[in-house]
Every structure is written in structure tokens, then in C-alpha cells.
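Taking it in order: structure first as C-alpha cells, then the write-up.
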Amino acid sequence: MTWFVDDTWIVIIGALTAIACALPGCFLVLRQMSMMGDAISHAVLPGLAIAFLVTGERASFTMFIGAAVVGVLTAVFTQWISSLGKVDRGASMGIVFTTLFALGLLLIVQAADHVDLDPGCVLYGAIEMTTLDVAWEFQLGETWIEVPRAAMVLGSVALFNLIIVVAFFKELKISAFDPELATTQGINANFMHYLLMTQVAVTTVAAFEVVGSIIVIAMLVTPAATAHLLTDRLGLMLLLSAIIGALAAGLGHLLAIVIPPLIGFDGTTTSGMMAVTTGLLFVLAWLFAPRYGWISRLVSRKDVKSPFSGPLPSD
Amino acid sequence: MIPPPLAALTSLHDTGADWPSLDVVWRVLTLQDYNTRLVVMSTMILGLASGLVGCFLLLRKRSLMGDALSHATLPGIGLAFIVMASMGGTGKHLVGLLVGATVTGVIGVIMVLVVRNTSRIKDDAAMGIVLSVFFGLGMVVLSMVLSMPSGHAAGLESFIYGKTASMIMQDFLLLSGVAAIALLCSLLLLKEFTLLCFDEGFGRSQGWPIHGLDIILLGLVALVTVVGLQAVGLILIIAFLITPAAAARFWTNDLRNMLILSALIGGVSGWCGASISALLPRLPAGAVIVLVAAAFFVFSLFFGKTRGVVRTRLAMYRLKRKVGRQHLLRAVYEIQEAACAETGKPPANIAIPFRDLLLHRSWSPAHVRQDLRRAKNEDHIDQFDGQSLRLSESGFGEAARITRNHRLWEIFLITHADIAASHVDRDADSVEHVLSPDMVRELEQRLDLDSIPESPHYISPQKDRPHDMVR
Amino acid sequence: MKTKSYNSAKTLPADDHSPQAPLSIHDLTVAYHRKPVLWDIDLDIPEGKLVGIVGPNGAGKSTLIKACLDLIPTASGLVQVYGQPYKKQRAMVGYVPQRESVDWDFPVSALDVVTMGLYRDIGWFKTVRKKHKEIARSALDRVGIAHLADRQISQLSGGQQQRVFLARALAQDATLYFMDEPFAAVDAATERAIVTLLKDLKNQGKTTLVVHHDLATVSQYFDWVILLNMRVVAAGPTEEVFTAENLHRTYGGKLTLLAEAGHALSQIKRP
């Protein structure tokens, strides 16, 4: 096995993705809206296509805006349909994102003659290629450091999410826990909902453009759920999920390099392996978490301490 | 990099866009071409099956399970290929690949249920985890397969995902078989599935194997999803499972009708979508089918007979207007009654000052004026010049009737408070509709009147109202 | 008939149970995580009694019912219905879940819900026949809402929905009934109808366990009471068990509740 500078950058980019996703991801998991990341990442297709058809170029910023707007619209439409028609939220999410995806597909077919706009790239991403696109280089001592554009983008998104979570920590917390309580305390729970949705949309769009959407979905949900099994405190959960995600990114890349040769293949995709690694870490927590793990639950069910060993409170 | 399935889907249609001639339209709609017939029939049957199964999924509040399941099929395809290739074949045997897809799909769904049942992780997060991790695993396996030196794995994904336009007889037979199974299960297990979706706990207390039923239902979903993958593609089969069922829900409150309607909407969407796609070659069939189904959904959302937005909003608006009219007429009547009582006469239709009406209840002038305008349009108000108003003949009769009903109702509530509570949720147009005629007669007799009883509670005189209520 | 009351976790020996009691619970313990929800429940319910299960919030009243019906896993213990394990005696047991446990927007009519009580009799794959609908209709009639049989369930009031659930249990034609908070958030008329129904069942010699939270009506409705707070504080005939001392031990030092209990006690009409 050989490790290059590029490998380090890939891990750094993966870790930045993990951190950027972990922050909104925790709130998604707590609000039971985990599938929103999946929905948004599929639904942005028409945003990309329209931005392209309007401007006629593949400038990534216009496409970013187009996609982010459609991403937020996905959340808005989902909300409308479920409240207007009393449709189950999961179902209305499914209807909205599949419809937008189909629309995007039609638009892209119309545009396909003019440009190579590859919807598959959106889904899979190619984190391995990101190191080729260098945005900034500087000298540190003897060596030149070449910072890939992806690292800059994801670093900014992570920073953006961090600022929002720090600034609105208690508002996000209370409206995730109890929207009605939040409203009685003068916090606009609706605003917090859409702020979170905007965060998810921006993160999803920015990240899948560079690393692919499947890794974004994995990083949004899985580390947050893993952290949820390990702690009851929101602050700690945010921190843990960021660490777990970053760990999965590093391990995932390592496994992507190590495993295929072991079983007789040339190589495999790092994005996919990072997603798989988040899953492996989740399974570990699911089985062995000290308090909420499966095994600890099985044990505790049989081994209950009597609350009546002492005198009764009223005696 | 992996050739993406969707690129394969789009590349099927890169010929120029010419409007089809009438002759072609006719040939497509009447299914005269063998190939078109196959495609249209196949998507129609898929629509029927997924509409049926989707209903139970929707009612079980597991609509997105199709999403998790369809993503979880990816590793199965890669693994099935590896297994078949290592056994000496080309690895591209359709049924083998579908079996692989079904196996990992079902494993994925079972993982969702296991994680949910054995930890504090909820449904949504469990689905998100399974979806992304399994799909990631699929990418890992497929990219390893594609990097195999022999290279015969190329196009493996497009072999599986979304090749509507190039369906063959084998696909049609497969789809028909799955649809038949779905239909049979829905018929045979209708009451078991109903119980599963409506009241799991009660079902379990009766000894039904709830987990087993869940697995059967999800197995059906897996079958439909896997055969649907090749017909309409990975994402769009998800829509086929959700949209027709959600659309059907707006039209009926009966599960059986909902099932029939959902299957019909699915079938018609498949038929329309495939036909349109056959006529306009630049439109991929999967996408068009989903958009047709979405159009059905949006139409149903607004115009659905039992739960549509227009109907429920209209009902709300009508109720609001009715209540407004009744309040206005009753207020006018009570003012007239009080004024006549002062002079010792029975209530008569006399003109009353607008000011009194405002004082009678804490209404805003704009609100009252609006109600008055409506009452005038309905010929309940004879004259209103901004200062005073008088009811028309029919308006006075209506006001007397409303007041009488209102007071009978109040007396009924007071004297029969115990039974009344079970009636109050009804939309009572008049007391007679809620109470039996006998009871109304009894009430009238007990109150010793056929005319209008006095209000059992004190109607506050105008002067009591705080002055600042009138602007 | 015996009155049991426990002062410690130690219980009476298991052979103390009568073999033919409609329901006997042996050393039942239910835990969630490390937190026990029910501890060493050991009870015999005598035949033909109308039994109230009373205790503060979180005392495990619903859990007790669910554990008896095998709906939740238990840490230890055994539940017997007429001397046999519950699984063999399902036909003799009727269940009324909490009203909030289902989605009342579901596209079925009141009659459909009541026929669900007969699904077990109808059996796998067979469809609901006319005679089943007749049984369901007469069950609806017994709770006084036969005229609402074809209404979709979301168009019923809370009290009517509760009656539908009761009718479903009646259709089961059981001899032992479990009812989880049937009086929660229902109107006065429904409450009265339910009480009449419960007394009917008792007069037919059937045994009914009812989770109840209104202390003021306990002595009026039930002839047998289980005072529960994670363990059985006391169980037995109402006039013997429903005492200020036992209530104090069930509810602890909660003064408002004690005041309520005192009020309730003052209303008991001793024969």
C-alpha cells in the first residue's frame, strides 16, 4: 500500500464533508426527517438543468444556486402537501422528490444535445478526482501545499453550518424538541425549520457537486444516528457525530485502498467505501453502545435492580 | 468511473424531436406495433401492481420503504454477477441478477425493521442509514466488478435499470407474474393487511403473526420494486409505489375502493406515460410516467371527492357563512324582540338601528356590514341605509326559525345534558335533524309553546356593552 | 377471595395461585433499559369481577395489560388465562387498546373496525361474510351506535370512536376483557354507556380489567381494585383495598392526589 499526498487530501475532503453534514444531520435525525437529505439530493436535478438552460453554461455557482433553491423548494412542497392534503409526511416527500427528479430528467434530456451534463455524476461523485482541481497553493517551509477546490468549498460549508448551529443552538434545540413550546416562547419554529432545510440543501448541493450525493446522504444520517446511540446530550451528539463522520472518511479511504487487492480486484470507489464505513461504525454502536446498545439492552432486561430494596418513600 | 444508470436511460433517446403524424399516433394508441404494445402493456401492468401494493405501504406509513429498498438492490446485482461469473457464465443472466437484487433489497428492509425495533433509532433514520450504506456498498462492489480485466461486466447497470424502450417478452412475462402475485396477495390477505396497517397491537393480541405479515407485505414491495427497476428506473419506481396510492386516498374513505382506484391510477399513468414517450422519442418513458402520475396526484389533491382541498375548504367556507348568517339573523330578532317587549307587543319585524346590532355582540362594523351584504343578496334584509335596517318577510321568518331552534337546543342541553353530549359533534342544521321529532315535540310541549321560547339565559341589554367596542 | 398486600419485593409462594382463575400473574417483571416498569407482579383475578387498575402516571398500568397480552417482552414471570398460557387461550380474551394507538384517518368504516374482532374466527385468507357483519352490527347496537355503522371512523366523535373499540371487543365474545383507559377523554354519555356495558359483562359472569385514572369513580364502578405503582401495592375487593392508607402508599406523598382520594373516599356509600 502506498499513501500519497492526494490520499491525505481525499481524507481531509471526506472529513470536511462529514463535519459539514454532521451538524444539520443531528437535527434531521432528532426531528425524524432523516430522509430529507435523500429527497433533496435527488430533487435538485431540475434546479441544475434549469440553471444550465437559462445561463447556457456549466458555471458551478449558478448551478449551485439553482440546485439550492430547488432543494429548499422540496422542503416547502413537502410541507404544503402534507398539511394541505393531510398526507403522511414520508409519502409527500416521496411524491415531491420523485416528481422533481422526473422533471429534471426530462429537462436534462432536452439539454443533453448541447452539453455533457451527466446526472450519474451527481449521484455517485468522484472524490478521487477532486484533488486534481487545485484552487489555491502556498508554500509551507520547503513544500508547496496545493489546496483542492473541493476542500475550500466543503470547508466553507462546514464553517457556514458551524456558525449557524452555534448562533442558533438553543433555538434549533428547542424547536427540534418541541415546536409548540418554541412558538410559545416566541421562537418562530417555522423559520427554524426552513433554516435547517436551507442548511441541508446548501450542504447537500455543495457537497454532492464535489463528492457525490450518496456520501452526503450517508454522512447526514449515519454518524448522527450513531452519536444518538452513544449520548443523550445534544452538544456532545453534534461533536461525536462530526468525529465519527471524519473517522469514517479516513477509514473508508483506507479500506478502499486495502480491501480490493486482498480479494483480487483492482480498486474501488472511495465514496462508496466511506458510506459503507459509516454503516460499519453504526453497527458497532448499535451492538455495543454502553447504554442504548442492543447487547446492553438484552443484558439489562434480565438484570434489573429492584427499586424496592430500600424502604418505601411513604413508609 | 461507473457508467451511471441514468445516463444510460437518457441516451436511449437522442434522436431528433419530430412531431408524430396522426397515423403514428393512431398506431401507438391502438397498440398496433409489437414493440409499443409490449412496452405500454408492461408499464400498465407495473402501474396496477405498484398501485395496489403502494396502498398498503401508504397506510402502514412506510411509503419511503420503497426508496430504501430500491437503493438496497444495488449490491445484490453486483454480488449476483460475481457469483454467476465465478460459476462460469457471463454473469449477465437477467433472472439471476433480479434474484440478487431482491435478496439484498429484502435484507435491507429487514435491517430497517431490526434497527428500529432494537434501538432508539426511528424509522426515518434507519431507512436513511440502510439506503446510503447499501447503495455505497453497491457502488463498491460494482466498481470492483467493472475493474475486472475481462471487461464483460460493462453495461451491467443499464442492463438492469430503466430500459423501458427496449423491453422484451421476457420482461413482460416477469411483470405479469409479479402483478398476478400482488393481486392474489391483496385479495387473499386483504383483511390481514388491513389489520396490520390499522391496529398492529390488536392484531398481535389476536395472535396474528404481525412480523410475518410485515415481511410478506415488504416482500411484495420488493418484487414490484425489482421488476420495476428495469421498467422505469431506480428513482421512478419509488414514485410508482407512492403517488397513485396517495392520489386515490383523496377520492374515497373505503379501503377497497382505494385499492381499486390506486391500481387504476397506476395503470393509466403507465399507459399514458408509455404512449406519450413512444410518440415523442425525446421523452424518457420513466420520467413521463411519473409526471403523469404526479398530475393525477395534484388533480386529486385539489379536486378529490372526499378529501380534496377544494371540497374541504369549500365546506369550511360554507359553514362559516352559515354560522355568520345565523348569528346575524338571530341578533336582529333578539333586538326586535326586546324592543317590542318594552312596548308590550309580540315580536314583530320592526326597523332597528345599526348601532344596536353592533352593540349586541362584539362584532366589528366591517364584519357586520359584510354579513349584511350577504344577507341582502339572499333577500333576508329588506332595507339597510347605513343607519337602520329591517328584515324582509322571508328573513324575519328565517330569523324566527333560527332563534327558535337555537333556544330549543339550549333548553335541550340544559334538561338533557347527559344525552346531548353525544349529539353535539353533529353539524346541526336545525334541532329537528339532530333530535327525533318526538323529542322536539316533547320539548315544545314541556315548554308549553309552539312559538318561540324565551331564551333560557339572560340576553344582555345593549347598554351593558363597553363603549369602546364601537368605533 | 383474598386480599394481598406487599410490603417488600418478597412475594408469596407461587403455589398460592388458584388453578382456574381467569387471570393469574406469577412474578411478572417488565423492564425498559435498566429501569423496571413493573416489578414482581403476583396476582389472581377472581372470576366475574369488574377490576379497576389504578395508580399514578407511569405506574405501569398499560404495561401490565400489554405484558399480559404478550405485546411487550417481559424480563421474567408467567401469565396464565384459566390455568393455561395466554397463547393457548386467545379466543377467551378480548382487548380494547388505547384510542390514541391507531390512526383514525384510516379508510375504514365503523363496521369494518368491529368486524376486525372476528378476523381470528374467520381465519386466514377467508373474506368477511354477511353473518360476520350481522354480528358486528349487533355489537355496535349494544354500544348504541348502530346507526353509525357505515360512517368512516374519522367522522366519529371521540366517544363514538371509543364505543367502536368496545364493540370490536364485544364482537370477540371473550370471557376475559382487557381495556386500556376506555374512559379517557370521552363525553359523559359515553362514560355512562361504558359503565352500563361493563356491568352487563359482569352480570354475564365475564371478567374485565380496566385501566382507570379517575379516583373519584373507582368505588362506584369497580368491585375489585388493583392499586399499582410499579408493583402491586394492594389488590382485592374495593371496600377492603381502596383505603386512604393504601392510596397514600400508591401515590406517595402527592398531596393534591391525596386530597382527591379523600374526596373519593368520602363518597363511598357503605352498605
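In the text below, chain A, chain B and the rest are named by the order of the sequence lines, each starting its count at 1. Only this structure's heavy atoms are used, side chains among them; waters, hydrogens and symmetry mates stay out.
- For Lys61(B), the parts sitting under 4.5 Å from any heavy atom of chain A are the backbone and the side chain alike.
- Contacts of Met33(A) with chain B are made by backbone atoms alone, with heavy-atom separations under 4.5 Å and no side-chain atom involved.
- For Leu137(B), the parts sitting under 4.5 Å from any heavy atom of chain A are the backbone and the side chain alike.
- Using a 4.5 Å heavy-atom threshold, the side chains of Phe97(A) and Asp67(B) count as touching.
- Arg120(B) places a side-chain N or O within donor-acceptor distance of the main-chain N or O of His228(A), the cut-off being under 3.5 Å.
- Interface residue Val140(B): backbone and side-chain heavy atoms are both found under 4.5 Å from chain A.
- Between chain B and the options Ala102(A), Ala275(A), Ala224(A), Gly252(A), heavy-atom pairs under 4.5 Å are most frequent for Ala102(A).
- Taking 4.5 Å as the limit, some side-chain heavy atom of Val115(B) sits within range of a side-chain heavy atom of Phe282(A).
- Sorted by first and then second residue, the salt bridge (Lys or Arg N to Asp or Glu O under 4.0 Å) pairs involving residues 300-311 of chain B (not counting sequence neighbours) are Arg307(B)-Asp105(C).
- Closest non-hydrogen pair, Val133(B) versus Val276(A), comes out as O-CG2, 3.9 Å.
- Side-chain contact between Ile121(B) and Trp286(A) is absent, with no heavy atoms from C-beta onward closer than 4.5 Å.
- Applying side-chain hydrogen bond (donor to acceptor under 3.5 Å, both in side chains) to Ser143(B) and the options Thr269(A), Thr268(A), Thr270(A) leaves one that passes, Thr268(A).
- Neither the backbone nor the side chain of Met65(B) comes within less than 4.5 Å of any heavy atom in chain A.
- For the options Thr99(A), Val29(A), Asp38(A), heavy-atom pairs under 4.5 Å to chain B are most numerous at Asp38(A).
- Remark: Asp88(A) CG to Arg249(B) CZ distance equals 11.5 Å, nearest 0.5 Å.
- Of all the heavy atoms in Ser63(B) and Gly90(A), the pair that sits closest is CB-C, 4.5 Å.
- For Leu28(A), the part lying under 4.5 angstrom from a heavy atom of chain B is the backbone only.
- The shortest side-chain heavy-atom distance between Ile217(A) and Phe135(B) does not fall under the 4.5 Å cut-off.
- What you find for Gly136(B) and Ile214(A) is that their closest heavy atoms are N-CG1, 4.3 Å.
- Taking each heavy atom of Gly272(A) and Met139(B) in turn, the nearest pair found is N-CE, 3.9 Å.
- Residues from residues 237-244 of chain B that place a non-hydrogen atom less than 4.5 Å from a non-hydrogen atom of chain A comprise Ile238(B), Ala239(B), Ile242(B), Thr243(B), given in numerical order.
- In this structure, Leu58(B) and Ala91(A) approach most closely via the heavy-atom pair CD1-CB, 3.4 Å.
- Inter-residue side-chain proximity for Val87(A) and Phe250(B) is flagged as met; some heavy-atom pair is nearer than 4.5 Å.
- Rounded to the nearest 0.5 angstrom, Ser119(B) OG and Trp294(A) CH2 are separated by 10.0 Å.
- Pairing each heavy atom of Leu64(B) with each of Gly94(A), the nearest pair is CD2-CA, 3.9 Å.
- Under the ring pair (Phe, Tyr, Trp, His ring centres under 6.0 Å) criterion, Phe302(B) pairs with no residue at all, not counting sequence neighbours.
- Residues of residues 124-132 of chain B having a heavy atom under 4.5 Å from any heavy atom of chain A, listed by number: Asp124(B), Ala125(B), Met127(B), Gly128(B), Ile129(B), Leu131(B), Ser132(B).
- If you measure heavy-atom distances from Arg313(B) to chain A, the contacts under 4.5 Å come from the side chain alone.
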